Asker: 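For reference, the structure I am asking about is given below.
It should be emphasised that the depicted structure is a prediction, and the values quoted were computed from it without experimental measurement. Per chain, numbering begins at 1; letters A, B, ... match sequence-line order.
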Amino acid sequence: MSFESLGLSAPVLQAVADKGYTEPTPIQEKAIPIVLMGRDVLGCAQTGTGKTASFVLPMIDILAEGRAKSRMPRTLILEPTRELAAQVAENFEIYGKNHKLNMALLIGGVSFPDQERALERGADVLIATPGRLLDHVERGGILLNDVKILVIDEADRMLDMGFIPDVERIVGLLSPMRQTLFFSATMPPEIRRLADRFLSNPKEVTVSPPASAGTNIVQGLAIVPEDEKREALRGLIKSQDVKNAIVFCNRKRDVVTLLGSLKKHGFNAGALHGDMSQPARMETLERFKQGEIQILVASDVAARGLDIVDMSHVFNFDVPFSPEDYVHRIGRTGRAGKTGHSFTLASPSEGDLVQAIEKLIGTTIPRIEVAGLVTTDFEASDGRRRGRGRGRGGRSGDKPRGPRREAKEPREHHERKPRPPAEPHAEARAELHEPREHASRERAPREQAPREQRPREHKPREHAPREHGPREHRAEQHRPQRERKSDHRPERRERRHEGRDEPAPVGLGDHVPAFLARSSR
DNA sequence: AAAAAAC
């Protein structure tokens with residue numbers, strides 16, 4: 001499978017080739033043709049699967065026709081964090097370099113006037129975090145009713161972060177005559193309900209992450225007392241061939257203290273968390289990407305989606321509160337077919353959290369020892385240590401390590417239950433609920449001819465479209481979208497008569513690894 | 001429990 005067969009235009013393909021990509025990822029292969037058809041997409045995929053390009057590339061092509069009016073953006077992409085938003089903007093720059101696209105990036109923490117100017121110029125692409133976007137809306141700087149394509153990215157994370165009311169408000173300002181692309185790493189019922197409301201007759205695309213909890217990530221876990229974690233981390237870093245690494249902390253203030261400690265010990269480190277000023281966040285991230293900073297100490301602002309190629313190591317200075325976050329954190333390494341390394345420092349009281357993670361990923365994280373340090377075992381929930389007591393060395397002046405938890409009621413989940421069989425993490429796979437041939441039968445004329453049969457060459461948009469040139473197709477590509485809403489119902493009925501007893505399945509069925517499908521805890 | 005996001 002090559003990019004050429006997906007129906008993208010020559011200038012976009014050129015930009016992809018220049019970037020060095022030759023083969024689409026499963027989600028790109030499945031989603032790009034659907035987006036080009038003008039249909040809604042419900043994508044179950046997390047970053048690292050090539051999800052961003054799966055909507056950026058076709059959007060560039062669709063946007064090649066026409067231009068935006070002042071304050072009336074033609075497309076809107078919602079992202080949960082500022083960094084993700086900036087990353088999507090970068091993607092548009094990279095792949096849209098052969099097109100003249102006006103872009104506006106509306107995120108908090110940076111100055112308003114620049115963003116206002118970009119809006120006034122007329123934004124073909126508007127990329128935003130919800131808060132700042134609504135701020136502009138309230139000031140009357142944007143009219144959203146001309147938005148033709150809406151992308152809601154990382155929907156589950158938006159839910160976690162309490163953005164859904166904002167998102168609903170924003171979607172309420174859009175015309176129902178739009179194409180919607182909705183992406184989420186997980187599909188809990190709440191997200192599913194949202195998708196049902198925002199999408200119209202969507203195609204579902206499901207992709208399991210390329211390294212769900214790490215077939216190509218070497219994992220390790222060391223149990224060390226809380227006050228020895230910094231020393232343990234230094235030992236770990238030195239024992240490893242660390243090219244570049246993220247160290248995750250649960251709290252922002254720990255990010256700050258750990259950064260100080262690492263710097264004091266001569267490490268080349270920087271910090272990233274949400275209390276930093278936005279310019280500082282961007283600068284640190286850029287320097288990390290450039291390799292000027294070797295170790296990035298970060299809060300979970302960096303846990304999901306950040307696309308940093310070739311990161312050799314992820315360290316968890318703390319066990320993440322939610323097991324899903326563990327998967328996201330370690331997923332920052334082991335990308336693009338490389339082997340990644342992930343090491344977690346757990347304090348003796350964090351046994352419950354570790355157990356939850358191991359249950360989620362279906363394997364036990366190998367316990368490791370840090371040279372020269374005492375490693376202990378987890379406390380049992382009744383306050384006693386489990387297993388064989390302490391490792392070599394012993395500690396002099398053994399001071400009490402914080403309050404031990406009092407014995408509560410016996411907790412059933414501490415009994416070792418047989419673990420569910422591990423999910424096959426083999427290859428990233430993508431499944432469409434309906435085979436594509438099916439799609440082409442049920443919908444004419446837009447879906448009739450595969451786009452690869454009508455090659456187009458790029459023309460700058462100042463040139464008048466040719467009467468019967470390939471560009472005409474593109475214009476046509478947009479028109480049926482209007483028809484879609486009106487013939488939505490009849491189409492559904494037809495489908496039932498086509499031998500289907502039920503409408504297209506909404507559930508993801510077996511295509512989602514169990515641990516991803518779970519909502520939370 | 002923490003973090004994220006608007007001023």
Side-chain angles (χ1 to χ4, degrees), chain A residues 46-47 77-88 104-116 119 126-142 152-170 173 184-185 226 246-259 271-282 284-285 296-306 316-329 332 344-347 349-354 356-357 402-403 405 408 520-521:
Chain A
Q46 56 179 47
T47 18
I77 299 163
L78 290 177
E79 295 288 336
T81 69
R82 300 166 182 177
E83 273 73 17
L84 279 175
Q87 203 168 274
V88 172
L105 176 62
L106 305 188
I107 58 175
V110 290
S111 87
F112 254 89
D114 294 349
Q115 298 180 352
E116 272 169 344
L119 288 170
L126 180 57
I127 304 154
T129 45
R132 182 56 75 96
L133 176 67
L134 284 172
D135 206 340
H136 279 280
V137 167
E138 276 158 19
R139 288 163 194 240
I142 319 178
I152 297 173
D153 202 10
E154 307 257 337
D156 50 350
R157 192 154 186 223
M158 300 245 200
L159 183 74
D160 287 347
M161 289 167 60
F163 281 171
I164 295 306
D166 284 353
V167 172
E168 285 180 320
R169 228 186 110 195
I170 293 163
L173 299 169
S184 188
E226 194 61 46
I246 293 192
V247 182
F248 283 106
C249 298
N250 282 358
R251 294 168 195 80
K252 287 180 281 200
R253 61 156 198 277
D254 292 340
V255 170
V256 176
T257 52
L258 181 57
L259 175 74
L272 190 72
H273 63 75
D275 280 354
M276 289 164 57
S277 79
Q278 192 55 27
R281 279 165 69 165
M282 293 194 284
T284 304
L285 193 58
L296 185 67
V297 189
S299 68
D300 275 321
V301 68
R304 301 201 200 188
L306 279 197
N316 288 310
F317 191 73
D318 301 300
V319 182
F321 290 120
S322 110
E324 284 83 2
D325 282 341
Y326 178 83
V327 179
H328 288 294
R329 286 182 180 186
R332 299 307 98 209
T344 300
L345 297 175
S347 65
S349 62
E350 289 177 317
D352 292 4
L353 291 174
V354 171
I357 290 166
R405 209 177 313 167
K408 297 184 198 150
S520 64
R521 250 155 304 234

Asker: Taking atom P of dA4(B) as reference, at what distance in whole Å does atom CD of Q278(A) sit?
Answerer: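 Computing the Q278(A):CD to dA4(B):P distance gives 11 Å.
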Asker: Determine, for R329(A) against D300(A), whether the closest basic-nitrogen to carboxylate-oxygen distance falls under 4.0 angstrom.
Answerer: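 Yes, charged N to carboxylate O under 4.0 Å.
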Asker: Is a side-chain donor-acceptor pair under 3.5 Å present for Q115(A) with H136(A)?
Answerer: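 Side-chain D/A pair, H136(A) to Q115(A): present.
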Asker: Would you mind reading off the distance between F163(A) atom CZ and dA5(B) atom P, rounded to a whole angstrom?
Answerer: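 Distance, rounded to whole Å: 7 Å.
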Asker: Is there a side-chain contact (heavy atoms from CB on, under 4.5 Å) between L106(A) and T129(A)? Walk through the geometry before answering.
Answerer: CA-CA 7 Å; L106(A) 305 188; T129(A) 45; over 6 Å; no
Asker: Output the rounded distance in Å from CG (L134(A)) to C1' (dA5(B)).
Answerer: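 My rounded result for the distance is 11 Å.
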Asker: Using a cut-off of less than 4.0 Å, is there contact between a side-chain N or O of S299(A) and OP1 or OP2 of dA2(B)?
Answerer: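 No, S299(A) has no side-chain N/O under 4.0 Å of OP1/OP2 on dA2(B).
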Asker: With a 4.0 Å cut-off on N to O distance, would you call E324(A) and R157(A) a salt bridge?
Answerer: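 Looking at R157(A) together with E324(A), the answer is no, because their closest N to O distance does not fall below 4.0 Å.
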Asker: Remember a base hit wins even if backbone is also touched, and classify G162(A) as base, sugar-phosphate or nothing at under 4.0 Å, heavy atoms.
Answerer: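 G162(A): no heavy atom of the nucleic acid under 4.0 Å.
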Asker: Between R253(A) (CZ) and dA1(B) (P), how many Å, whole number?
Answerer: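 Value for this atom pair: 14 Å.
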Asker: In whole Å, I'd like the distance from the CZ atom of F321(A) to the P atom of dA4(B).
Answerer: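 Distance, rounded to whole Å: 12 Å.
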Asker: Whole Å only: how far is the CD atom of E83(A) from the P atom of dA3(B)?
Answerer: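 One finds 15 Å between P of dA3(B) and CD of E83(A), rounded.
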Asker: For the residue pair R139(A) and F112(A), would you count it as a cation-pi contact if the rule is NZ or CZ under 6.0 angstrom from the ring centre and within 45 degrees of the ring axis?
Answerer: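 The answer is yes; both the distance and angle limits are met.
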Asker: Are OP1 or OP2 of dA5(B) and a side-chain N or O of R281(A) less than 4.0 angstrom apart?
Answerer: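 For dA5(B), OP1/OP2 do have a side-chain N/O of R281(A) under 4.0 Å.
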Asker: D300(A) has an atom CG; how far is it from atom C1' of dA4(B), in whole Å?
Answerer: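 The answer, rounded to whole Å, is 9 Å.
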Asker: Nearest to the D135(A) side chain among dA6(B), dA2(B), dA4(B), which nucleotide is it?
Answerer: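 Nearest listed nucleotide: dA6(B).
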Asker: What nucleotide, of dA3(B), dA4(B), dA6(B), holds the atom closest to the side chain of R251(A)?
Answerer: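 For R251(A), the side-chain atoms sit closest to dA3(B).
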Asker: Distance check needed: dA5(B) C1' versus L159(A) CG, whole Å only.
Answerer: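 Rounded to whole Å, this separation is 14 Å.
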Asker: Verify the contact: side-chain N or O of T129(A) to OP1 or OP2 of dA6(B), cut-off strictly under 4.0 Å; return yes or no.
Answerer: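 Yes, such a contact exists.
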Asker: Within less than 4.0 Å of OP1 or OP2 of dA3(B), is there a side-chain N or O belonging to R157(A)?
Answerer: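 Checking dA3(B) against R157(A), no side-chain N or O comes under 4.0 Å of OP1 or OP2.
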